Amino acid sequence: MNKKTRKLVYIAMLTTLAVALHTFEASLALPLPYGIKLGFANIISLVTIELFSAKEMAVVNILRVVLAGLLRGSIFSYTWFISAGGVLLSSIAIMLVRKFTKLPMVSTSIVSAIGHGVGQILVVVYIYQSWAMATWIIALFATSIPTGIFTGIIANTIVTYLSKYTKNMKA
């Protein structure tokens, strides 16, 4: 299998995993306040940018949000836009951290979780036209650190394992 085809297969598998994790997490009944998630699908974002590039991570994240929305029947609903806003800002945060710093993956994951929360809040404030909704950011920030650590450790473990199979595939 040539390098380009191999890379495409990895991106397709990562996208499938991201959609599956996104859908699985949405179905969990966790004893957490509304809107707070563990961020399982973000593990795949971190793995993708580490093994490949920001471009591939953006592709995986866009496909994840669109496909998960289609599978759950929520595409273009308020919850879909809130999810998309979180993923967009999270992706931008990861790209900026990777481009301008040498932070370890766990720290990058925390910044990503914070970006996700801010993105969600910005969409909620826009939809409901009320800055009062922004007070929810405190709860999202408080949970961003433990969830960011959790997803960062898992992503780091996966990258350590997969890096031997994906050598020389960065764009």
Side-chain angles (χ1 to χ4, degrees), residues 11 14-50 52-101 103 105-155:
I11 299 304
L14 288 166
T15 300
T16 304
L17 277 170
V19 171
L21 288 171
H22 180 96
T23 305
F24 169 73
E25 187 173 16
S27 69
L28 290 178
L30 297 174
L32 297 171
Y34 182 76
I36 296 175
K37 303 282 185 202
L38 297 174
F40 290 151
N42 195 47
I43 294 168
I44 305 304
S45 301
L46 294 164
V47 168
T48 304
I49 198 165
E50 186 68 26
F52 298 102
S53 72
K55 179 179 130 186
E56 282 82 9
M57 184 198 66
V59 167
V60 168
N61 283 347
I62 291 167
L63 287 173
R64 169 183 55 149
V65 170
V66 170
L67 293 173
L70 286 169
L71 286 171
R72 296 182 63 223
S74 65
I75 195 155
F76 302 126
S77 67
Y78 287 145
T79 57
W80 185 84
F81 281 108
I82 293 167
S83 177
V87 169
L88 175 66
L89 211 53
S90 171
S91 298
I92 291 169
I94 293 172
M95 289 179 205
L96 291 173
V97 166
R98 299 299 290 161
K99 182 171 179 133
F100 296 112
T101 73
L103 287 175
M105 193 171 312
V106 172
S107 300
T108 303
S109 181
I110 293 168
V111 171
S112 171
I114 291 169
H116 192 89
V118 170
Q120 287 180 316
I121 292 298
L122 289 174
V123 172
V124 167
V125 165
Y126 178 78
I127 289 171
Y128 294 105
Q129 296 293 303
S130 171
W131 279 101
M133 302 301 285
T135 58
W136 193 245
I137 198 77
I138 296 165
L140 292 175
F141 277 170
T143 59
S144 293
I145 295 170
T147 59
I149 291 169
F150 172 73
T151 58
I153 290 170
I154 293 172

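Since the model is a prediction, treat every value here as computed from it, not as a measurement.
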Next on the checklist: Using a 3.5 Å distance criterion without hydrogens, assess whether the side chain of S91 forms a donor-acceptor pair with backbone atoms of V87.
Outcome noted: yes
Checklist outcome for this item: What one should report as the nearest heavy-atom pair of E25 and G39 is OE2-N, 2.8 Å
Checklist entry - Distance-only, no hydrogens or angles: does the S109 side chain make a donor-acceptor pair with backbone N or O of M105 under 3.5 Å? => result no
Checklist entry - How long is the gap from CD1 on I49 to NZ on K99, to the nearest 0.5 Å? => result 11.0 Å
Checklist outcome for this item: Closest non-hydrogen contact found for L67 with T15 is CD1-CG2, 4.2 Å
Checklist entry - Of all heavy-atom pairs between S74 and S77, which one has the smallest distance, and what is that distance? => result O-OG, 2.6 Å
Checklist entry - Which residue pairs pass the ring pair (Phe, Tyr, Trp, His ring centres under 6.0 Å) test when at least one of the two sits in residues 76-97, sequence neighbours left out? => result F76-W80
Checklist entry - If every non-hydrogen atom of A41 is compared with every non-hydrogen atom of A18, which pair is closest and at what distance? => result CB-O, 3.7 Å
Checklist entry - What pairs with F100 under ring-ring contact (aromatic ring centres under 6.0 Å, His included), at least two apart in sequence or on another chain? => result none
Checklist entry - About how many Å separate CD1 of I44 and CG of L14, when rounded to the nearest 0.5 Å? => result 6.0 Å
Checklist entry - Minimum heavy-atom separation for S83 to H22, with atom names? => result OG-CE1, 3.5 Å
Checklist entry - Atom CE in M95, atom OG in S53: separation rounded to 0.5 Å? => result 8.5 Å
Checklist entry - How long is the span from the CD1 atom in I114 to the CD1 atom in I145, to the nearest 0.5 Å? => result 6.0 Å
Next on the checklist: With rounding to the nearest 0.5 angstrom, report the CD1 to CD1 distance, I82 to I127.
Outcome noted: 4.5 Å
Checklist entry - Within the distance-only criterion (no hydrogens, no angle test), does the side chain of T143 pair as donor or acceptor with the backbone N or O of A139 below 3.5 angstrom? => result yes
Item to check | E56 side-chain N/O to I11 backbone N/O, donor-acceptor pair under 3.5 Å | outcome: no
Checklist entry - Between G115 and L89, which heavy-atom pair has the shortest distance, and what is it? => result O-CB, 3.3 Å
Item to check | Flag, side chain of T135 to backbone of A132, donor-acceptor distance under 3.5 Å | outcome: yes
Checklist entry - Are the side chains of H116 and N42 in touch, meaning some heavy atoms are under 4.5 Å apart? => result no
Checklist entry - Between CD1 of I94 and CE of M57, what distance do you get to the nearest 0.5 Å? => result 5.0 Å
Item to check | Pairwise side-chain contact, V59 with F52, heavy-atom cut-off 4.5 Å (strictly under) | outcome: no
Checklist entry - So, the side chain of Q129 versus the backbone of Y126: is there a donor-acceptor pair under 3.5 Å, distance only? => result yes
Next on the checklist: Test side-chain contact (heavy atoms from CB on, under 4.5 Å) on I75 and V66; report intermediate values, then the result.
Outcome noted: CA-CA 7 Å; I75 195 155; V66 170; 4.0 Å; yes
